[in-house]
Structure formats: structure tokens, C-alpha cells
Amino acid sequence: MNFWKTLILAASVTVTVPSGMAWAQAKNSVTIVLPAGPDRLDPCETPRSVIGRIIKQNVVETLVELDYGNGKILPRLAESWQQPSPNEWVFKLRKGVKFHDGAPFDAKSVVYSVERTNDPKLTCITRTKYLDGTSIVASVVDDNTVKFTTKTPVPILPTLLAQLTMSSPNTPKGEYTNKPIGTCPYKFESWTQGTSVVIVRDDNYWGSKPAIEKATYVWRSESSVAAAMVETGEADLAFSIAPQDATNQATDKVYPNSDTSMFRLSVDVPPLNDVRVRKAINLAIDRNAFLGSVISSEAQLATQQVGPSVLGFNPKLKPWEYDPAQAEKLLAEAKAAGVDVTREIRMVGRAGMFANSNEFVEAAAEMLRQVGLNIKLDNLEMSQWLQMANKPFAADRQPNIFLTMHDNNSGDAAFTAFFKYHSNGRQSELHDLELDAFIDKAGTEQGDTRVADYQEVFRRIYEDKVADVPLFHMVNFMRVGERIDFSPTIANAVELQLASLKLK
């Protein structure tokens, strides 16, 4: 075992905290433990896992639903759809559906939801991650028919719509809401700040009635505490159990998720604007030392921001080798050329981003210090982290190595390339007009041409630009209590449909 692995294993030892007396669980109610609490509950933010796992397809639902296992698009609030021309799609809506507040679900409400999501006063991640870079206008054909018109061909538009939830037309525009109103089998009941969110079954739901009547969501940042809550019966299910706490084969279930972890680099800010420094950072991190310690041994080394199951993944890219001597050499070359490699660089993590994320960034920071970089480490809370994650970036910011985790369980590189790397992408540090044009072109293509174009996009990003530090294609452990019959899937990276949970 190498030095780093020994050190990381020692740092990741945790002590299980007794959770106290088990709560008396009502027969048809469940308690679910999340690694972090939501900062808002707006329907246009459901692609964020901290929100989507609570309300997506539970409180607010989509026109169509993505089968994450095979990439097929299934009917939901829309019963059928067709593409009469390259720039037009027509969707037939389910009849007789009402929102929880009694408002009718119809073509007008669909147009309203699209307009609200596209409202520039809201930085909805549904728009910035999935719809930016496209021009999509919804219009009413009749009460139960909606037409979507695009400026350029969008061959994956149904897949895009699997991420856009429908809100009551009584949901205000231009401001966020924390009281989501949808058409799902559950309706929002309460959010006690810092404590819990409660949703309850809506017996007027248009579809099949689920067995669970009430769900309470709580959050615990300590994996050992979350695991103990399920073990004692205080909770029924817990996300993001750390590998060292996943000790019960009967209840702890590992599943591949769609998340890829990485460090984003502020490529315009010295000394990170020098490619030699960016290469040195990649070479200085011993990724293999984390596998089987703070990161599950079943995770995979990442070479790009999307995983192997995503259309556009480039299989020719190779993981960075651990070579601290070469890192030191590159830094010496940069210094000789006048680059201030001694400038303080801020490494930014986030509490509860994934199990053991704090221990991970602490060890990674030390690895970078060992090759001579001046690293200041900050672990931020959710609101602080989000402020740094998204544009506008502070003009006077210091260079930063920013830990982030991106999911692409929708299966197409379009949901990553624009958002993360286009000059207009909400989380992009890059400004490369040639790359922008390539990303724009790839989004209009189909078949093998689309695949080849996105593969070239990722090659340019990771070999030519060295824009990031790719880390791991992640896996999760979920602890499922004895009362629940459920096996997690890749879908649970961003949602957990209560209707899929069976009570024993």
C-alpha cells in the first residue's frame, strides 16, 4: 500500500454516532435521509439532486419520462408526439388532469411552464443545463395539443422535455417558489427550514395510487449517522453512505450513478492560465490512492465529464498518470518563463457533495502542496458553493480549483458540453469561439456524426485545453431499511419516485 493510500485510509476512519431511540414509523409513511438539505424547492431546479430527489415525479412531473436504463422516452403527461418537420414537434396531452390547486393541466399550462423556465429573471438549472444553446417556443394548437418550434433542428427534444417539469399556472413568474404545485401522486405539505420536508399522497392523482401515504425528508451530513438511522428504524432509506459505513450486505446496495466528479480550473486567472500549471495539477493527484479508501473501489477513473454510457463519450482518452516528478518539472518550466507559480490558489470543496468529500479535498490539497503549489483549502456550505459554481464569476477572484460533480443520466453529451464548456454556458470557464462553434454544430447533428463531433469536443477540452481535472465516475451506496423492497438504479442520482418503493 502506497503512502497516500495509507494516509487517506487513516483520515477516513469514522466513528458511528448513536442515533438514539428509533422513531415510531407509521405503517404507510417513510422517512428518507439525504446528505444535504435543499436551498429551495422550485420545480425549475429539479435537475439538482438535492431538489429532484424530493419533488421530481413525486410532486411535479414531466410531459415524458426517461427510462434511464435504456434511454427510451416514455409517455407521462403527454400521451404521444410526432415531428412533422425538422424544427417542429407536436405533443398530444393527457386529458382530465388537474394540478394540486385545482387548475387544469392543458396546453396553456404547458406553455406557461416553458415560459417560466425560460424567464431570464430565474437562473433555472433546467434552462441553463438543458435548454441553453437552443431556442424552443411552445404554442397552443388546441386544449390538448402543444407545438414546440425550434430555431435549429433539435433531434433530442423529447429527451430535453424529460427534464422540464410542469407547474401550476398559479406558480408566479419571475420569482422562485418553495411551494411546488404539480400533478403528481404526492403534493407538497411543509418545509421546516433546516429540519425536514414533508409530502403527502394526493388521492385525486390521475394515475395509479401508490402504497406510501407520506414521506418525510431529513438530512444528515455524516454518513455514519445516516446509516445508523436506517439501522435503528429511525429512517427507511439513506443516500450517499460512505464506503466505510456500508458494512451490511443485507441493507447496503451499491449502484452506478451518472455523476462524474472533477476539479474545475479557473483557466483565465494566473497561474492557472498557463497550461503547464494545469497539467501539473493533473499529474500531482494520485487518483488510484483514493479508490477503496474514501472513494468506493467500484468507481472508475474519469477521463472526461461524461461517463461511458453517454452518447459522445470518447473512449480514446486516457486517465492522467500520477507523476509528481513531471508535475514539478512543468512548474519549474512555468516559473522560468515568468509564471508566478507561488501565488495562492484556492481549492474549494462542499460539505456533503459526496460521501467523504471533505476527506478527499484535504488529501488532494496536500498532494498539490507536495509538488510546490500554494493551496488554501475551503469547504463551503451549499449556498456559498452555488454562488461560486455559477456565472457571473467574480472579476477579481483568485485562482481556484473548484470541486464539482456533474450528472448526465439523460444519455447525451448535449447536456454537458454547452453547460460546462461553451462560452455562454452557465458553469463554463472557457472562452473559445472555435470550440463554441463545434459544440453548436454537434447539437444539431444525429447518428454517427453527432457521436464523432462530441468525441472531438471532449478531446479538445481534455487534451488541448486541459480545462479540468477529471477524477471519478462515481458509484453510490444506499442503505435500504427492512420495511422497504427497493433496489436503487442510475435514476436515483437525481430522483427517487416514491411509487417505486414497495412496503413489505
Side-chain angles (χ1 to χ4, degrees), residues 36 38-40 42-51 115-136 163 172-178 261-274 277-278 281 305 343-351 353 361 376-408 414-437 439-440 443 457 461 465-469:
D39 57 317
R40 61 172 62 112
D42 196 286
C44 76
E45 298 278 50
T46 54
R48 291 172 49 202
S49 62
V50 71
I51 299 169
E115 290 177 347
R116 183 177 185 275
T117 301
N118 281 325
D119 188 338
K121 294 180 181 179
L122 303 179
T123 54
C124 296
I125 196 170
T126 301
R127 180 183 79 250
T128 58
K129 182 176 179 180
Y130 292 99
L131 304 182
D132 271 0
T134 64
S135 173
I136 300 175
Q163 304 299 330
K173 285 185 179 179
E175 61 183 84
Y176 289 109
T177 181
N178 287 325
S261 58
M262 60 173 278
F263 284 119
R264 187 183 73 192
L265 303 176
S266 49
V267 298
D268 291 337
V269 184
L272 298 181
N273 62 342
D274 190 290
V277 177
R278 301 198 297 272
I281 292 170
Q305 185 66 107
R343 184 183 181 187
E344 183 180 85
I345 299 173
R346 187 183 185 194
M347 178 178 282
V348 179
R350 193 193 81 201
M353 178 175 289
V361 292
K376 176 189 176 184
L377 176 60
D378 283 324
N379 269 309
L380 304 182
E381 296 302 320
M382 175 75 78
S383 59
Q384 298 171 308
W385 182 90
L386 283 170
Q387 189 172 4
M388 284 194 68
N390 299 308
K391 290 179 177 176
F393 302 136
D396 60 348
R397 70 194 188 282
Q398 69 185 101
N400 65 76
I401 300 172
F402 188 82
L403 181 67
T404 184
M405 196 159 64
H406 170 74
D407 71 87
N408 188 327
F415 307 128
T416 299
F418 190 96
F419 181 57
K420 290 288 187 179
Y421 301 110
H422 193 283
S423 295
N424 296 325
R426 188 184 179 195
Q427 292 187 357
S428 173
E429 294 268 9
L430 290 177
H431 306 282
D432 184 319
L433 295 180
E434 186 177 345
L435 180 64
D436 291 348
I439 291 173
D440 291 338
V457 165
I461 291 166
K465 296 295 181 181
V466 194
D468 304 312
V469 182

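Numbers here simply count residues along the sequence, with the first being 1.
- By the side-chain hydrogen bond (donor to acceptor under 3.5 Å, both in side chains) test, Gln398 pairs with Glu344, sequence neighbours left out.
- Considering only heavy atoms from C-beta on, Val469 comes within 4.5 Å of Leu265 through its side chain.
- A search for salt bridge (charged side-chain N to carboxylate O under 4.0 Å, His left out) contacts involving Asp378 returns Arg346, not counting sequence neighbours.
- A donor-acceptor distance shorter than 3.5 angstrom exists from the side chain of Arg278 to the backbone of Val466, with no hydrogens or angles considered.
- Evaluation of the side-chain contact (heavy atoms from CB on, under 4.5 Å) rule for Asn379 yields Asn358, Val361 as partners, not counting sequence neighbours.
- Taking the side chain as every heavy atom from C-beta outward, Asp407 and Phe415 never approach each other to under 4.5 Å.
- With sequence neighbours excluded, no residue forms a salt bridge (charged side-chain N to carboxylate O under 4.0 Å, His left out) with Arg343.
- Sorted by first and then second residue, the salt bridge (charged side-chain N to carboxylate O under 4.0 Å, His left out) pairs involving residues 425-436 (not counting sequence neighbours) are Arg264-Glu429, Arg397-Glu429, Asp432-Lys465, Glu434-Arg460.
- Using a 4.5 Å heavy-atom cutoff, the side chains of His406 and Met262 are not in contact.
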| side-chain contact (heavy atoms from CB on, under 4.5 Å) evaluation trace for Glu45 with Leu122 | CA-CA 10 Å; Glu45 298 278 50; Leu122 303 179; over 6 Å; no
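- Not counting sequence neighbours, the partners of Asn273 by the side-chain contact (heavy atoms from CB on, under 4.5 Å) test are Pro270.
- Under the 4.5 Å side-chain criterion, counting only non-hydrogen atoms from C-beta, Thr177 is in contact with Pro43.
- Pro38 is not listed as a side-chain neighbour of Asn178, based on a closest heavy-atom distance of 4.5 Å or more.
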| task | Could you give me the CA-CA distance, side-chain angles and deciding distance for Thr404 and Met388, then say whether side-chain contact (heavy atoms from CB on, under 4.5 Å) is met? | result | CA-CA 11 Å; Thr404 184; Met388 284 194 68; over 6 Å; no
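- Residues Asn390 and Thr123 have side chains not in contact (no heavy-atom distance under 4.5 Å, counting atoms from C-beta outward).
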| Pair Asp132-Asn424, side-chain contact (heavy atoms from CB on, under 4.5 Å): steps then yes or no | CA-CA 8 Å; Asp132 271 0; Asn424 296 325; over 6 Å; no
| said: Run the side-chain contact (heavy atoms from CB on, under 4.5 Å) test on Ile281 and Phe263 for me, step by step, so that the C-alpha distance in whole Å, both residues' side-chain angles and the decisive distance to 0.1 Å come before the verdict. | reply: CA-CA 10 Å; Ile281 292 170; Phe263 284 119; 5.9 Å; no
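- A salt bridge links Arg48 with Asp39: the distance from a Lys NZ or Arg NE/NH1/NH2 to an Asp or Glu carboxylate oxygen falls below 4.0 Å.
- The shortest distance between side-chain heavy atoms of Asp468 and Lys420 does not fall below 4.5 Å.
- Distance CD/Gln387 to CD/Glu381: 13.5 Å, rounded to 0.5 Å.
- Using a 4.5 Å cut-off on side-chain heavy atoms (C-beta onward), Phe418 and Ser428 make no contact.
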